[in-house]
Amino acid sequence: TEIRIPFYTDFDGVLFSDIGVLGADHSAFLLSDGLLGSSGLGIRLRTSFGPLRCDIGWKWHKHELHERSWAWFLSFGHSF
C-alpha cells in the first residue's frame, strides 16, 4: 500500500507498507521465514519522464542479528 501526499509543485511525499515472499522456490510462501515486510516513507520529484523516487523502509522483523533493520532506495519510475 502507498499513500501519496502532494507537497510543493513537483514534489510528493509517500507513506508505504510492503509485504512479500523471497525464496528459491514456491515452498517459501508456506514458510514464515520466507515472508518479508517493511514500512517507511519517501519523497517523489515529478519529472516529464516519470517520478524520481527516494525511499527509506524499516523491516518489521530481522531474521539475523547482524542484519540492518532499514534500507534506502533511489529509483526512477512508478513502483506499480
Side-chain angles (χ1 to χ4, degrees):
T1 61
E2 183 175 277
I3 299 172
R4 296 178 184 159
I5 305 158
F7 283 152
Y8 180 74
T9 48
D10 291 333
F11 287 94
D12 295 328
V14 295
L15 299 173
F16 65 87
S17 203
D18 295 325
I19 193 166
V21 175
L22 183 62
D25 57 32
H26 294 25
S27 65
F29 184 73
L30 303 174
L31 304 172
S32 64
D33 48 323
L35 190 63
L36 302 171
S38 68
S39 297
L41 52 98
I43 192 164
R44 307 285 185 267
L45 171 62
R46 283 181 259 137
T47 71
S48 57
F49 298 105
L52 178 61
R53 306 177 319 160
C54 183
D55 296 323
I56 186 166
W58 288 270
K59 294 178 184 178
W60 294 349
H61 302 285
K62 294 190 327 181
H63 293 278
E64 302 288 332
L65 288 176
H66 66 276
E67 284 184 83
R68 287 189 314 192
S69 60
W70 58 274
W72 70 274
F73 300 92
L74 183 61
S75 54
F76 189 75
H78 293 286
S79 58
F80 47 90

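Just so you know, residue 1 is the first one in the sequence shown, and it goes up from there. All values below come from the heavy atoms of this structure, side chains included, with hydrogens, waters and symmetry mates left out.
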Do [X] and [Y] sit in the same hydrophobic cluster, where Ile, Leu, Val, Met, Phe, Trp and Tyr count as joined when their side-chain heavy atoms come under 4.5 Å apart?
X   : Y   : result
L45 : I3  : yes
I56 : F16 : no
F11 : F49 : yes
W72 : W58 : yes

Q: Return the minimal non-hydrogen interatomic distance between L15 and L41, and the atom names on each side.
A: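 Reported closest heavy-atom pair: CD2-CB, 4.0 Å.
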Q) Which heavy atom in W60 sits nearest to a heavy atom in S39, and how many Å separate them? A)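 Smallest interatomic distance, heavy atoms only, reads NE1-OG, 3.0 Å.
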Q.
Please determine whether side chain to side chain contact (heavy atoms under 4.5 Å, CB included) holds for the pair R44 and I5, giving the CA-CA distance in whole Å, both sets of side-chain angles, and the decisive distance to 0.1 Å.
A. CA-CA 10 Å; R44 307 285 185 267; I5 305 158; over 6 Å; no
Q | salt bridge (Lys or Arg N to Asp or Glu O under 4.0 Å) involving D12 - partner list, sequence neighbours excluded | A |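 By the salt bridge (Lys or Arg N to Asp or Glu O under 4.0 Å) rule, D12 matches R46.
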Q) Listed by chain and number, what are the side chain to side chain contact (heavy atoms under 4.5 Å, CB included) partners of L65, not counting sequence neighbours? A)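 Result, side chain to side chain contact (heavy atoms under 4.5 Å, CB included) vs L65: none returned.
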Q | Partners passing side chain to side chain contact (heavy atoms under 4.5 Å, CB included) against F73 (at least two apart in sequence or in another chain) | A |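 Here the qualifying residues are A71.
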Q: Mind checking the CG-OG spacing from D18 to S38? Nearest 0.5 Å is all I need.
A: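 The CG atom of D18 sits 4.5 Å away from the OG atom of S38.
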Q) Restricting to pairs with a member in residues 65-74, which pass salt bridge (charged side-chain N to carboxylate O under 4.0 Å, His left out), not counting sequence neighbours? A)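 Pairs touching residues 65-74 that pass the test: K59-E67.
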Q) Under the side-chain hydrogen bond (donor to acceptor under 3.5 Å, both in side chains) test, which residues partner W70, sequence neighbours left out? A)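 Once residues adjacent in sequence are excluded, W70 has no partner under the side-chain hydrogen bond (donor to acceptor under 3.5 Å, both in side chains) criterion.
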Q.
Among residues at least two apart in sequence or on other chains, which ones pass side-chain hydrogen bond (donor to acceptor under 3.5 Å, both in side chains) with S69?
A.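 Checked S69 against side-chain hydrogen bond (donor to acceptor under 3.5 Å, both in side chains); zero matches.
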Q: Check step by step if side chain to side chain contact (heavy atoms under 4.5 Å, CB included) holds for L52 and L74.
A: CA-CA 8 Å; L52 178 61; L74 183 61; 4.3 Å; yes
